[in-house]
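The figures here come from the full heavy-atom set of this structure, side chains too, leaving out hydrogens, waters and symmetry mates.
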Amino acid sequence: MKLARRALRHRARLALLALWTVSTAALALPSFDEVKAAHRPSDLTLLDRHGTPLQTLRVDGQVRRLPWVPLQELSPALLQAIVVSEDRRFWSHAGVDWAAVARSAWANLIDTRTQGASTLTMQLAGLLDEELARPAQGRSLAQKLGQVRAARMLETRWTKSQILEAYLNRVPFRGELVGIAALSQTLFGKHASGLDLQEAAITAALVRAPNAPAERVAERACGVLQAMAHPAADCRGLATLSAQALRRRGGMPLAEQLAPHYARLALDPDGPARQRSSLDARVQRLAVRLLQRQLAELQGRQVEDGAIVVLDNASGQVLAWVGAHGASAAAQVDGVLARRQPGSTLKPFVYGLAFERRLITPASLLEDTPAEIGTTSGAYLPQNYDRRFKGLVSARTALGASLNIPAVRVGAMLPPDALHARLNALGFALDQTAGWYGASLALGSADVTLLSLANAYRTLARGGVYTPAALPRAARVGAAEAVAQRVMDADAAYLVADILADNNARVPTFGIDNALRTRGFAAVKTGTSKDMRDNWCVGFTDRYTVAVWIGNASGAPMHAVSGVSGAAPIWAALVQELHRDRPSRPPAVPPGLRRARVEYAGGEEAPRSEWFIAGTEPLQPIETRPLTRHVGIASPREGTVFALDPDIPPAVQQIRFEGQRGQWLLDGRVIGHGSRIRWSPWPGRHELRLLAADGREIERVRFEVRGASVRQRASGREIATSTRP
């Protein structure tokens, strides 16, 4: 019997050798380095500037293939299990195990079940060459011979370690899983270096039967353990472990998953598995955490979303890019690139343009009184955030305290298209004409992105020199070249930055102890859009520009959330951390500026030292003279008290109401039309309203009349009675 078997093996070997000899197909097999270089993971990893993993992104939906794992990083138990299960004489044969071939041929002759004899090298040949891959109906004789020849060629060109390493990185496992990295991460939630004996046995069992049920996999794995003859080999628990592994989905994350929106823009699908970016993991991680914390604190105020971007002032590189809050229903929307109304954050560019054109100085007095601005579509009546008016204020106070009406009036001083052109030069790429926005452009009626807003403030930080932000790969399509352009006068840029960094200028609106105060220099501005749909906080230090948006991706309004209460806390915390080791320093003063003392003849503001563009310094105290004509009710003003003498005839003591032409109502009753109305006083507290032609209210004021006479007729005589405080 032994002689018969030996003869059969000899004849089988001779037959295969003869067929292999006559086969002349030239197999162009790649080198190990070529195979490794061509490996394309289905998941790419975004690294920060220091090499720290930040985010993974799936780019191939057909298979799950993770980065190549070197042999020295694979579990020894795994290597032993694969060799024992698939190719016991792997380390000794030259690509073909002839003893296994003969044994397989004999078994196939005497048994109805087929038995294979493919070595690991032969299997790898099938994985490298599609023509040698095993079809569903089995390989033909020619394919088997080609596989044998390819295996022999691999053994002459590759080392055994290279063959085993390539095999484990190319072999398909269960379902979409290809390669040991994908299997170990998905089924066991760990790196392939950490697979233990039982996990290694299950892995080896899945090579033979990738889609077998859990109980069958456990049975095969037990056989592998027994074949390994390891002292610690134990089949107990294999059934439970197999069931758990085959039910698992996703496995452990490959990175912290901190920057999904940036990764989609930055990662190149055709690039390497690990790609470095400009992000800073420390700053990105902090920004994500601060956004999560702030949105948690704003629960109950109809706030769901937010976004943050941090730029390096010198290079324009992005250090942090948080597109959304991960728990939001709109988590896929990138808030850094979404267009929304920026509110008051555009005011600095209005004032900067007016400074540059010598129309005003930081000391100029502006009217913060009711205004009706005529536009092509009707009257525009801007209001301040608190619905109050400050009267005459300096431009420094108007910008620092974010007063709306002075900003609109300054915008009206500019040529019609000047502000529109300046904003476009700063990179906003407004999608409508200047006429379409009208006067409301000064208050942020245009839609802009958080990124463009941040980069515009970065231009202020750079003294008016604009360069595009260093965008991720996908966002650079169609972007302008990074050529430095001066779009704003350096003197004007400094004046704006100086005001935005002046906490005293903010006091009328924000109070002394506000969320915008910082340890070192920081120029910052908040903004809130109409109906509280968006709020912003954008500002810069000497090294960084930080921009924060809080709102709802759906456009729904928030409940009592402003730029100070919503976005500012995040901004302040980021700036504090960025300058934890070194406080920010103020910028150098441009040579074209002069320092001069300012006094106001009417005492509107306290005397102070102020910066001026050379040639615009005041030579004497600034008079109480508004720069624009009054619009609204000029007289009486809010809170006026009239004290009339009862001994003077009433006709002589009439009160004159003056202001914008319109309809006048006193205590709810119409008393006349025009720009001037005379009224005979009546004792008590009164409310005066002025309405526009279309019925909209221009302004209302409250005043009081004291000491007036009321004439009553009694018994044929007039009796004088007095009303006194």
Subject >> Heavy-atom neighbours of R669 CZ exceed 12 at 6.0 Å >> reply: no
Original post:
Between R700 and E687, is there a salt bridge with N-O shorter than 4.0 Å?
Top reply: yes
Original post:
Is D667 paired with R689 through a side-chain N to carboxylate O contact shorter than 4.0 Å?
Top reply: no
Are the side chains of [Y] and [X] in contact, using a 4.5 Å heavy-atom criterion?
{"X": "N455", "Y": "L311", "value": "yes"}
{"X": "N535", "Y": "W549", "value": "no"}
{"X": "Y600", "Y": "L365", "value": "yes"}
{"X": "Q485", "Y": "V465", "value": "no"}

Subject >> salt bridge (Lys or Arg N to Asp or Glu O under 4.0 Å) between R409 and D368, worked out >> reply: CA-CA 9 Å; R409 285 179 161 141; D368 181 34; over 6 Å; no
Subject >> Y457-F349 aromatic ring centre distance below 6.0 Å >> reply: yes
**OP:** Assert yes or no for the condition that the ring centre distance of H686 to W679 is strictly below 6.0 Å.
**Re:** yes
**OP:** Show your reasoning for whether salt bridge (Lys or Arg N to Asp or Glu O under 4.0 Å) applies to D491 and R594.
**Re:** CA-CA 10 Å; D491 296 338; R594 301 289 183 270; over 6 Å; no
From [X] atom [atom1] to [Y] atom [atom2], the distance as rounded to the nearest 0.5 Å:
{"X": "L666", "Y": "L688", "atom1": "CG", "atom2": "CG", "answer": "6.0 Å"}
{"X": "R506", "Y": "K525", "atom1": "CZ", "atom2": "NZ", "answer": "9.5 Å"}
{"X": "L290", "Y": "I308", "atom1": "CG", "atom2": "CD1", "answer": "6.5 Å"}

Original post:
Can you list the residues that meet the side chain to side chain contact (heavy atoms under 4.5 Å, CB included) rule with R685, with sequence neighbours excluded?
Top reply: E704
Original post:
R597: what forms a salt bridge (charged side-chain N to carboxylate O under 4.0 Å, His left out) with it, not counting sequence neighbours?
Top reply: E599
Subject >> Inter- and intrachain pairs under salt bridge (Lys or Arg N to Asp or Glu O under 4.0 Å), touching residues 567-581, at least two apart >> reply: R282-E577, E577-R580
Subject >> Candidate list E604, R608, E610, test side-chain hydrogen bond (donor to acceptor under 3.5 Å, both in side chains), partner S394, passing option >> reply: R608
Subject >> Heavy-atom closest pair, residues R340 and W536 >> reply: CB-CZ2, 3.7 Å
Original post:
Where does the angle between the aromatic ring planes of W611 and Y494 fall among parallel (under 30°), tilted (30 to 60°) and perpendicular (over 60°)?
Top reply: perpendicular
Original post:
Could you walk me through whether E356 and R422 pass the salt bridge (Lys or Arg N to Asp or Glu O under 4.0 Å) check?
Top reply: CA-CA 12 Å; E356 186 177 304; R422 173 56 56 85; 2.9 Å; yes
